Amino acid sequence: MNRYRTHTCNELREKNVGNNIILSGWINKKRDHGNLLFIDLRDNYGVTQCIIDQENSKFSQLEKIQLETVIKIQGTVLKRSNETINKDIETGEIEVSIKSFEILGTCKELPMPVFSDQEYAEEIRLKYRYLDLRRKKIHENIILRSRVISFIREEMSKLGFLEFQTPILTSSSPEGARDFLVPSRLNPGKFYALPQAPQQFKQLIMVSGFDKYFQIAPCFRDEDARADRSPGEFYQLDLEMSFVEQEDIFNVVEKLLVNTFKKFSNKKLISEKFPKISYLDALLKYGTDKPDLRNPLIINDITNIFTRDDVKFEIFKKLVKSGSKVRCIVAKNTKDKPRSFFDNIDKWAKDQGASGLAYFTIDKDVTAKGPVGKFFSKEALTEIMKITDAGVGDSIFFACGKKEYVEKITSLARDKIANDLNLIDESLFAFCWIVDYPMFEKNEDTKKIEFSHNPFSMPQGELDKIDFEKPLEIFAYQYDIVCNGVELSSGAIRNHIPELMYKLFSIAGYNKQDVDNRFSGMINALSYGAPPHGGIAPGIDRIVMLLANEKNIREVTMFPMNQNAQDLMMNAPSNVDEKQLKELSLSLKLKK
RNA sequence: GGGGGUGUAGCUCAGUUGGUUAGAGCGAUCGCCUGUCACGCGAUAGGUCGAGGGUUCGAGUCCCUUCACUCCCGCCA
């Protein structure tokens, strides 16, 4: 028998009545009736009500004790009378009559209550994270995270994947996000970088002949935070397979995610086979490459309508002539919505930095009601209704501008309108694949051709038939998984052919020398017999966030940093001694 | 780097058009209470109203500057 406990705080039941037991835990709550004191004792597993009265010599001592003090209780299990059973806790049929107790850990006055459903400012939650983590909801989120990761490990092992660790101190990668750098003492003036992902290593693992690899891999990117993006570090289920085509990866990951989401959530999956949407289609229909498919609204292009003579909307017509696009969203059955519904959306659009959203409602006899309705002839309206599948009683919102601008504002408007009309079913998970990413894109500022995603991806099509003169028309075997509008992972079939790699990099402006310098490990390896291979890397934090039904990634992260990438509990980052800097051959030159 | 929101007691918040001594609940301290499970009742302590400057007879409230937190844009192969 352990000196601290015979049972956990969620173990005692009616069958234990009469037992002498020992419990240890935190004082969750006290209810002091003067001559009778109830103490809810809490541990990781649950809560047990303990009771003591003034007959006991320890009574007055226990009456004074602070909440969240850690104590050990010795006592006997009593059956509660019918009226006093608490159905809300699993140990609610019994209580423990305290015979003696011992303080194991004292507690100062709390900076924030633990037993409370209130929301607290994140500043205080992060500073006292160990107190915050005692609270039920986040405590359970973190346990969920652990279970999800264990489950994924088991599934991956069953599928024949081997788990390997890859280096944390590695070299800076020239593409992508900003690196975290670590100065090297033994190599003055040189720096390691923390890996943004084990991208090159996992490919090298394939070249080394291991066939199927996975890792719950820490990834480090020095970019600004968002609600679904921790600053600094996050975790991916990194995986890679040899001798596979795109479909092989899809089959493995689809099955894994379906099993995981079915096991850990009661929400329904819209489809266990994830629909595939091409990148270009996604941008047209949803305005984004991470569409929320729970949202039934679809964006349509009606640019051509504004070249008709019987459309008099001159501002848009002029913009269209100079290359702008017009895209629209149909909101069904909104004829009777109050004016405020429309004004509200227009105001919202202006808050987003747009010039506003034009709209009209289609009334009977195909007439357009609304501020800009008068600019459209009956024939033009009929054409719009044909393109957009709109009917009488529906409203059409539309925006005009350069392609990227229209995509962005219609994408946001699609979310906004669906939310306002309550069209999103929160009890669903809607997965999809986004496929067929362009290999290159043109940087509109520099007019240069750049890799649009991962430079190591395999271009699509027969290799001897690819037209390298038209780089913007080359697509890659590159794919993302999106769930409920959250980008969960991206992956690719890799380019394992060195000559092809040089060719593609040359299009993006890197000569052979550049490639050899920057990716020496990779490019060398590929020239000694590399298998065709590919992989993907689902984000663990975001998966758990969806499963826990949280909107913020910090709710499923044990010790997150704040938005300014500071750890308020550990005081990181911090100053270092002059001696440490000197050892690293560094001196500081701070901006004022 | 830019835009929005927030900042009042240890915690969560209220505070009217600028007007007396800035309030409530929880927590803390003290007292009362033997069946509560958000126990109840009474009392006490606790405030640089984020900071600085300005307007005014008078500022938590209006103006300017600044800081912190947060959400978003940029950024995130």
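Quick note on labels: first sequence line is chain A, next is B, and so on, each numbered from 1. Computed from a predicted structure; not experimentally measured.
Both cation-pi conditions hold for A/K58 and A/F101: the charged atom is under 6.0 angstrom from the six-membered ring centre and inside a 45 degree cone around its axis.
Within the nucleic acid shown, A/K127 has no heavy atom closer than 4.0 Å to any nucleic acid atom. Across all strands shown, A/E123 has heavy atoms under 4.0 Å from sugar-phosphate atoms exclusively, and none from any base. Counting any heavy atom pair closer than 4.0 Å across all strands shown, A/D222 reaches no nucleic acid atom. Nucleic acid contact for A/N454: sugar-phosphate only, since backbone atoms but no base atoms lie under 4.0 Å from a heavy atom of the residue. Using a 4.0 Å heavy-atom cutoff across all strands shown, A/I89 reaches no nucleic acid atom at all. Nucleic acid contact for A/E450: none, since no nucleic acid atom lies under 4.0 Å from a heavy atom of the residue. At a threshold of 4.0 angstrom between heavy atoms, the contacts of A/N564 are confined to the sugar-phosphate backbone, with no base atom among them.
Straight-line distance from the NZ atom of A/K64 to the P atom of B/A28: 12 Å, rounded to whole Å. To the nearest angstrom, P of B/G35 lies 17 Å from CD1 of A/I98. In this entry the distance linking CG of A/D32 with P of B/U36 reads 15 Å, nearest Å.
In this model, the phosphate group of B/C75 is not approached by any side-chain N or O of A/R226 to a distance below 4.0 Å at OP1 or OP2. Residue A/R542 places none of its side-chain N or O atoms closer than 4.0 Å to OP1 or OP2 of B/C76. Taking only side-chain nitrogens and oxygens, A/N552 comes nearer than 4.0 Å to OP1 or OP2 of B/C71. An OP1 or OP2 oxygen of B/G27 is reached within less than 4.0 angstrom by a side-chain nitrogen or oxygen of A/K29. A close approach under 4.0 Å does occur between a side-chain nitrogen or oxygen of A/Q66 and OP1 or OP2 of B/U29.
Between the P atoms of B/A38 and B/G19, the separation comes to 41 Å (whole Å). B/C26 and B/C37: their P atoms are spaced 14 Å apart (whole Å).
Ion pairing between A/E123 and A/K127 fails under the 4.0 Å rule for side-chain N and carboxylate O. A salt bridge links A/R178 and A/E223; the closest N-O separation between the charged side-chain nitrogens and carboxylate oxygens is under 4.0 Å.
When each of A/Q203, A/R494, A/H496 is tested with A/H533 by the rule side-chain hydrogen bond (donor to acceptor under 3.5 Å, both in side chains), just one qualifies, namely A/Q203.
The partner of B/U16 cannot be assigned: no Watson-Crick or G-U wobble pair with both contacts below 3.5 Å exists in any strand. When both pairing distances are held under 3.5 Å, B/U44 makes a Watson-Crick or G-U pair with B/A28. Pair assignment for B/C62: B/G54, on the basis of Watson-Crick or G-U wobble contacts that are both within less than 3.5 Å. B/U6: Watson-Crick or G-U partner is B/A68, with both key distances under 3.5 Å.
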Note to self: Before you tell me yes or no, could you show the steps for A/E407 and A/K403 under salt bridge (Lys or Arg N to Asp or Glu O under 4.0 Å), namely the whole-Å CA-CA distance, both residues' side-chain angles and the distance that decides it to 0.1 Å?
What the structure shows: CA-CA 6 Å; A/E407 280 166 358; A/K403 183 170 169 287; 2.9 Å; yes

Next item on the list: Just do the side chain to side chain contact (heavy atoms under 4.5 Å, CB included) check on A/E240 and A/I205 with the steps written out, would you?
Entry: CA-CA 9 Å; A/E240 196 77 6; A/I205 289 170; over 6 Å; no

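If you check distances only, the side chain of A/E95 does reach the base of B/G35 with a donor-acceptor pair under 3.5 Å. One donor-acceptor pair, N or O on each side, does fall under 3.5 Å between the base of B/U36 and the side chain of A/Q49. Side chain A/R221 to base B/C76: no donor-acceptor pair is found below 3.5 Å. Between the side chain of A/R125 and the base of B/C11, no donor-acceptor pair of N or O atoms lies under 3.5 Å. Between the side chain of A/R31 and the base of B/U34, no donor-acceptor pair of N or O atoms lies under 3.5 Å.
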Give me, pair by pair, the N or O atoms of the protein and of nucleotides 22-25 of chain B that are less than 3.5 Å apart, along with how far apart they are.
none

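The aromatic rings of A/W433 and A/F250 lie parallel to each other, with less than 30° between the two planes, well short of the 60° mark.
Annotation: A/Y437 is not in aromatic contact with A/F475 [ring centroid separation under 6.0 Å not met].
When all heavy atoms are compared, the tightest approach of A/P459 to A/I474 is CB-CG2, 3.7 Å.
Checking B/C11, B/C71, B/G27 against the side-chain heavy atoms of A/Q563 singles out B/C71 as nearest. The side chain of A/F38 lies closest to B/U36 when the candidates are B/U36, B/C71, B/U12. For A/Q566, whose side chain is taken as the heavy atoms from C-beta onward, the closest listed nucleotide among B/C11, B/C69, B/A28 is B/C69.
Residue A/H33 and nucleotide B/C39 are classified as a stacked aromatic pair, their ring centres being separated by less than 5.5 Å at an interplanar angle below 30°.
Take the nearest nucleotide of RNA chain B for A/R554 and for A/E119: the residue whose nucleotide is more 5' is A/E119.
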